[in-house]
Asker: 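Pasting a structure here, questions to come.
Because the structure is a prediction, the values reported are computed rather than measured. Convention: sequence-line order gives letters A, B, ...; per-chain numbering from 1. Because only heavy atoms are used, hydrogens play no part in the values below, and waters and symmetry mates are left out as well, while side chains stay in.
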There are 2 protein chains.
Amino acid sequence: MDGPHTDKRQAILETALGLFCERGFHGTPTSMITREAEVATGTLFHYFSTKEALIETIYLTIKGEMREALCAHIEPQDPVGEQIRRICANYIRWGVENARKFQFMEQFHNAPQISAHAHEEGMAQFSFVHDIVQRGIDEGALKPHPTGLQFSMFGASTGAVVRLILSGNGGEGIDALIDQAIDLIWDGIAAPAASPTPPR
Amino acid sequence: MDGPHTDKRQAILETALGLFCERGFHGTPTSMITREAEVATGTLFHYFSTKEALIETIYLTIKGEMREALCAHIEPQDPVGEQIRRICANYIRWGVENARKFQFMEQFHNAPQISAHAHEEGMAQFSFVHDIVQRGIDEGALKPHPTGLQFSMFGASTGAVVRLILSGNGGEGIDALIDQAIDLIWDGIAAPAASPTPPR
DNA sequence: CTCATAACAGACTGATTAGTCAATCTAACA
DNA sequence: TGTTAGATTGACTAATCAGTCTGTTATGAG
């Protein structure tokens with residue numbers, strides 16, 4: 001899989017990711033990417049037909065990695081509550097440990113031109129979370145509010161925690177903060193009957 | 001307050017807001033703004049020294065309007081829970097009724113170049129919400145988690161609801177959805193002792 | 001070694017950009 | 001009426017951009 005060329009291609013991808021995060025898509029000319037990656041202009045366009053194709057490649061790669069990270073230690077037979085709490089923790093940890101990639105995704109989501117087709121696709125990728133939330137509602141573990149609402153708030157809250165930690169305003173204990181955040185999110189969506197903070 | 005020139009200036013501001021939402025900051029050349037607003041190139045730069053100054057003006061204006069909307073019907077002597085629930089409702093309604101302005105703000109937040117100084121300033125503007133949350137924690141109405149965490153999640157969840165409604169995936173009853181969303185948010189941050197959904 | 005194919009280079013181009021500037025218009029006031 | 005200050009104009013510019021083109025090097029098969 002590692003062809004002889006891969007290092008230049010990889011250098012472009014990684015340099016671009018960094019610059020996009022620092023300066024935004026449009027604030028980063030291709031010339032800047034090639035200069036920093038120490039490759040020629042032509043090399044970039046040899047691997048990626050357009051600048052947009054480069055952005056999309058980065059997006060798809062990260063999306064895959066993210067999905068992978070989210071699924072870690074999730075067993076279908078586990079109770080819904082545990083699965084959701086684990087997905088939540090996985091996402092926060094991934095975001096904190098992959099700050100640049102997290103920021104790239106945030107930027108991508110809010111880019112008006114791009115988001116149209118990609119937003120749909122991105123949502124579809126994470127439909128398994130949607131399904132788990134749905135199951136939680138069916139089983140009575142979650143409040144009987146619309147799935148879409150719960151899913152949205154779950155995602156937004158989790159992202160907010162990552163941003164808080166990355167901005168450095170989260171105090172010292174990151175692990176403790178993550179636990180507290182999961183409790184807040186869980187108490188919001190969990191059915192009152194269920195224990196507010198079930199045993200881990 | 002309405003000088004003789006105000007209409008051209010206003011036309012630029014409004015046209016720019018629309019285009020920025022549809023196409024992004026960098027996807028919108030100043031030439032496009034002036035063409036659509038039916039003013040000359042020079043006129044734009046007569047009122048706004050740079051494109052960035054134009055963006056910043058729009059940002060500051062919207063931020064003020066938003067703050068105004070958030071404060072509606074808030075009385076300092078009301079219990080914290082009611083204040084928070086009301087701010088929440090105010091924000092969601094403002095976002096839904098001012099979709100373009102809401103989208104502009106979202107875009108602004110995620111723009112790497114700009115956000116640096118403005119993000120700080122924006123946060124400071126909404127410190128009164130921060131204070132209410134702090135008071136809620138002190139009075140025992142909210143969970144004793146860090147103020148920053150609760151504030152962040154409060155804001156993120158609220159934004160998520162607006163996005164959900166604007167995307168049209170929220171089902172039919174917007175008012176019902178808002179009420180449900182407020183319950184979810186409140187149950188997340190409220191202290192378990194307090195009634196999960198206090199009387200309105 | 002020969003040849004083909006893909007990797008790589010970087011000067012170059014046409015289009016586009018933010019921003020300038022000298023000229024003209026408008027309105028208020030003396 | 002003449003003067004002045006601000007509003008308005010749009011052709012213009014210098015810089016910059018994504019992407020091209022022509023050529024050179026590396027690799028690997030026969």
Side-chain angles (χ1 to χ4, degrees), chain A residues 1-59 61 104 107-108 111-114 116 118, chain B residues 1-60 104 107-108 111-118:
Chain A
M1 185 168 282
D2 237 56
H5 62 284
T6 309
D7 46 335
K8 296 244 171 187
R9 197 184 122 104
Q10 202 59 29
I12 293 170
L13 284 170
E14 251 151 60
T15 308
L17 173 61
L19 289 170
F20 284 150
C21 288
E22 287 167 29
R23 325 178 33 92
F25 298 139
H26 298 273
T28 311
T30 53
S31 58
M32 192 181 288
I33 298 171
T34 54
R35 197 187 319 129
E36 190 138 325
E38 293 179 314
V39 299
T41 319
T43 308
L44 190 153
F45 288 99
H46 174 68
Y47 288 113
F48 311 98
S49 59
T50 63
K51 185 186 182 183
E52 216 180 300
L54 167 65
I55 296 174
E56 207 163 292
T57 301
I58 296 177
Y59 171 72
T61 308
F104 180 94
Q107 223 189 299
F108 197 93
Q113 323 94 28
I114 301 170
Chain B
M1 185 170 280
D2 238 55
H5 61 285
T6 309
D7 46 336
K8 297 243 172 188
R9 198 185 122 102
Q10 201 58 29
I12 292 170
L13 284 170
E14 251 150 61
T15 307
L17 173 61
L19 289 171
F20 284 150
C21 288
E22 286 166 30
R23 323 178 35 91
F25 298 139
H26 297 273
T28 310
T30 53
S31 58
M32 192 181 287
I33 298 171
T34 55
R35 199 186 318 131
E36 191 139 323
E38 293 179 313
V39 298
T41 318
T43 308
L44 190 153
F45 290 98
H46 174 68
Y47 288 113
F48 311 98
S49 60
T50 63
K51 185 186 181 183
E52 217 180 299
L54 168 64
I55 295 173
E56 207 164 292
T57 302
I58 297 177
Y59 171 73
L60 289 171
F104 180 93
Q107 223 187 299
F108 197 94
Q113 323 93 28
I114 301 170
S115 67
H117 87 105

Asker: With a cut-off of less than 4.0 Å, is there a side-chain N or O of A/His46 near OP1 or OP2 of C/dA7?
Answerer: yes
Asker: Out of D/dT9, C/dA18, D/dA18, which nucleotide sits closest to the side chain of B/Lys51?
Answerer: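 Minimum distance to the B/Lys51 side chain belongs to C/dA18.
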Asker: Counting only heavy atoms and a strict 4.0 angstrom limit, can you tell me which residues of residues 29-40 of chain B come near DNA chain C?
Answerer: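 Hits under 4.0 Å, by residue number: B/Pro29, B/Thr30, B/Ser31.
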Asker: Specify the separation, in whole Å, of atom CG of B/Asp7 and atom C1' of C/dA27.
Answerer: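 It is 14 Å, rounded to the nearest whole Å.
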Asker: Using a cut-off of less than 4.0 Å, is there contact between a side-chain N or O of A/Tyr47 and OP1 or OP2 of C/dA6?
Answerer: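 Answer no for this pair, as no side-chain N or O of A/Tyr47 is under 4.0 Å from OP1 or OP2.
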Asker: Before you tell me yes or no, could you show the steps for A/Phe104 and A/Tyr59 under side-chain contact (heavy atoms from CB on, under 4.5 Å), namely the whole-Å CA-CA distance, both residues' side-chain angles and the distance that decides it to 0.1 Å?
Answerer: CA-CA 8 Å; A/Phe104 180 94; A/Tyr59 171 72; 4.0 Å; yes
Asker: Kindly compute the distance separating CZ (B/Phe45) from CG (B/Leu54), expressed to the nearest 0.5 Å.
Answerer: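 Those atoms lie 8.5 Å apart.
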Asker: Applying side-chain contact (heavy atoms from CB on, under 4.5 Å), run through A/Lys8 and A/Leu13 and close with a yes or a no.
Answerer: CA-CA 9 Å; A/Lys8 296 244 171 187; A/Leu13 284 170; over 6 Å; no
Asker: How many Å lie between CZ on A/Phe25 and P on D/dA18, as a whole number?
Answerer: 13 Å
Asker: Without decimals, in angstroms, what is the distance between B/Ile12 CD1 and C/dG19 C1'?
Answerer: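 Atom-to-atom, B/Ile12 to C/dG19, this comes out as 14 Å.
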Asker: Applying a 4.0 Å non-hydrogen cut-off, can you work out what A/Thr50 is touching in the nucleic acid: base, sugar-phosphate, or nothing?
Answerer: sugar-phosphate
Asker: In this structure, how many angstroms lie between the P atom of D/dC17 and the CD atom of A/Glu52, rounded?
Answerer: 18 Å
Asker: Tell me: NE2 of B/His26 to P of D/dA18, nearest whole Å?
Answerer: 12 Å
Asker: Working to the nearest 0.5 angstrom, can you tell me the gap between A/Ile55 CD1 and A/Thr28 OG1?
Answerer: 8.5 Å
Asker: How many Å lie between CZ on B/Phe20 and C1' on C/dA18, as a whole number?
Answerer: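 B/Phe20 atom CZ is separated from C/dA18 atom C1' by 12 Å.
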Asker: When rounded to the nearest 0.5 angstrom, what is the spacing between OH in A/Tyr47 and CD in A/Gln10?
Answerer: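 Reported to 0.5 Å precision, the distance equals 11.0 Å.
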Asker: Any donor and acceptor pair, going by atom type alone, linking the side chain of B/Lys51 with main-chain N or O of B/Phe25 inside 3.5 Å?
Answerer: yes
Asker: Between P on D/dT8 and NZ on B/Lys8, what's the gap in Å once rounded to a whole number?
Answerer: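 My rounded result for the distance is 6 Å.
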Asker: If you measure from CD1 on A/Ile12 to OG1 on A/Thr57, what distance do you get to the nearest 0.5 Å?
Answerer: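 The OG1 atom of A/Thr57 is 11.0 Å from CD1 of A/Ile12, to the nearest 0.5 Å.
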Asker: Could you give the side-chain donor-acceptor pairs of residues 31-40 of chain B under 3.5 Å, partners two or more places apart or in another chain?
Answerer:
| unit_1 | atom_1 | unit_2 | atom_2 | d |
| --- | --- | --- | --- | --- |
| B/Thr34 | OG1 | B/Thr30 | O | 3.3 |
| B/Thr34 | OG1 | B/Ser31 | O | 2.9 |

Asker: Taking CG from B/Leu44 and P from D/dA7, how many angstroms apart are they, rounded to a whole number?
Answerer: 14 Å
Asker: Set out, line by line, the N/O atom pairs under 3.5 Å between protein and nucleotides 21-26 of chain C.
Answerer:
none

Asker: Find the distance between OG1 (B/Thr43) and CZ (B/Phe48) and round it off to the nearest 0.5 Å.
Answerer: 11.0 Å
